Amino acid sequence: MSQTNNTSLTRRGFIRGAGVAGVACVAAGTTVVRPAHASPADEIIAQEFGAGSASEGAVDIKTKPKAENGALVKIPVSIDHPMEAGNYIAKAGVIVDSNPKPLVASFEFEPEAGKVQFEVRIKMAKSSNIRVVAKTNSGKLLMGKTHIEVAEGGCLA
Amino acid sequence: MAVIGRPKVRGPKKPVAAGTVVTIKTLIKHPMESGRRKNKDTGELIPAHYIDTVEVEYGGKVVIKTKWTGGISKNPYFSFSVRATASGPVKVTWKDNKGGSFSSSADLKVS
């Protein structure tokens, strides 16, 4: 009987601890994300892809909403857009808003790629918004957005 | 010293019809040190050592060119698509910021 009490106590203690850590994570995340109007990530997107509004919908980021290991977060991307001479995705970039270097990877495609569908695995220090920005050969911008929660271990990194 | 290299490129083993978009998977051993990590014992920064470009060549043309940073996970996996038009190698070349260059290819068979 006393044993059951003990386990329930430790479990409660553990949950409380986890809760506090979780709050700390979220707080850290919001302080970084807040200056959304001219964040380093936005500046880099403007630099690399040019300013302009990006249409959403075509870029699909098939990540899981939670990543257990911040050192290895899978980012599978698929862009629903033709890849034919004269009308293709020329460039794409994976942007992690809260990373010190937000543009983690960029890709240049030729129509021969057939379809823009790729997967990379990235490092994330903490939970963050992930954006994939793509540019067609005619300069049209496409964007996909998602948010990935990185489990506690990632917060300490 | 960690192993660096051993590039692997895998495509479909069986012949595919011309025009099919196929997925190619690649893997390479690399530490992908961003230059921001510290050696726990000495407190010194571990120098940056990461793959900064990857190129995919098919049919005598570079079809995908990528720029990577130290934000890519170590021993990086990378998959992509190409449209199979003729039998031949899909060659992938990785280059790192210290001048290392690795390449490997997969033979694509088009029926």
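The shown structure was predicted, so the numbers you read here are calculated from the model rather than taken from an experiment. Letters go in sequence order (proteins before strands), and every chain restarts at 1.
A/M124 and A/L72 fall into different hydrophobic clusters, where Ile, Leu, Val, Met, Phe, Trp and Tyr are joined by side-chain heavy atoms under 4.5 Å apart, directly or via other members. In this structure, A/I61 is a member of the same hydrophobic cluster as A/I122, with clusters built from ILVMFWY side-chain heavy atoms closer than 4.5 Å. If you chain together hydrophobic residues whose side chains sit under 4.5 Å apart, A/V73 and A/V77 fall into the same group. Side-chain heavy atoms closer than 4.5 Å link hydrophobic residues (I, L, V, M, F, W, Y) into clusters, and following such links, possibly through other members, connects B/W94 to B/Y58. One hydrophobic cluster holds both A/V120 and A/I79 under the rule that ILVMFWY side chains link at heavy-atom gaps under 4.5 Å.
Of the possible donor and acceptor atoms, one in the side chain of B/T69 sits under 3.5 Å from a partner among the backbone N and O of A/V104. The backbone N or O of A/R121 lies less than 3.5 Å from a partner atom in the side chain of B/S73, making a donor-acceptor pair.
In terms of heavy atoms, A/K115 sits closest to B/S81 at O-CB, 3.4 Å.
In terms of heavy-atom pairs under 4.5 Å with chain B, the best-connected choice from A/E112, A/M83, A/K101 is A/E112. In terms of non-hydrogen atom pairs under 4.5 Å with chain B, the most contact-rich of A/P102, A/S106, A/A71, A/A105 is A/S106.
Heavy atoms of other residues, nucleotides or ligands lying less than 6.0 angstrom from NZ of A/K91 number more than 12. Enclosure of atom CD in A/E56 by more than 12 non-hydrogen atoms of other residues, nucleotides or ligands within 6.0 angstrom is indicated. Enclosure of atom NZ in B/K13 is not indicated, since only 12 or fewer non-hydrogen atoms of other residues, nucleotides or ligands lie within 6.0 angstrom. Atom NZ of B/K98 has more than 12 heavy atoms from other residues, nucleotides or ligands within 6.0 Å.
The line from CD of A/E108 to NZ of B/K67 is 6.0 Å long, rounded to the nearest 0.5 Å. Atom-to-atom distance recorded for B/I24:CD1 and A/Q117:CD is 12.0 Å, nearest 0.5 angstrom.
If you measure heavy-atom distances from A/V94 to chain B, you find no contacts under 4.5 Å at all. Heavy-atom distances place the side chain of B/V21, and not its backbone, under 4.5 Å from chain A. In this structure, chain A has no heavy atom under 4.5 Å from any part of B/V54. Only the side chain of B/R36 has a heavy atom closer than 4.5 Å to any heavy atom of chain A. In this structure, chain A has a heavy atom under 4.5 Å from the side chain of B/K61, while its backbone stays farther away. Of the atoms belonging to A/L103, it is backbone heavy atoms, and not side-chain ones, that fall under 4.5 Å from chain B.
Of the candidates B/Y77, B/F80, B/F78, A/E119 forms a side-chain contact (heavy atoms from CB on, under 4.5 Å) with just one, namely B/Y77.
Side chains of B/I64 and A/F118 form no contact here, defined as non-hydrogen atoms less than 4.5 Å apart.
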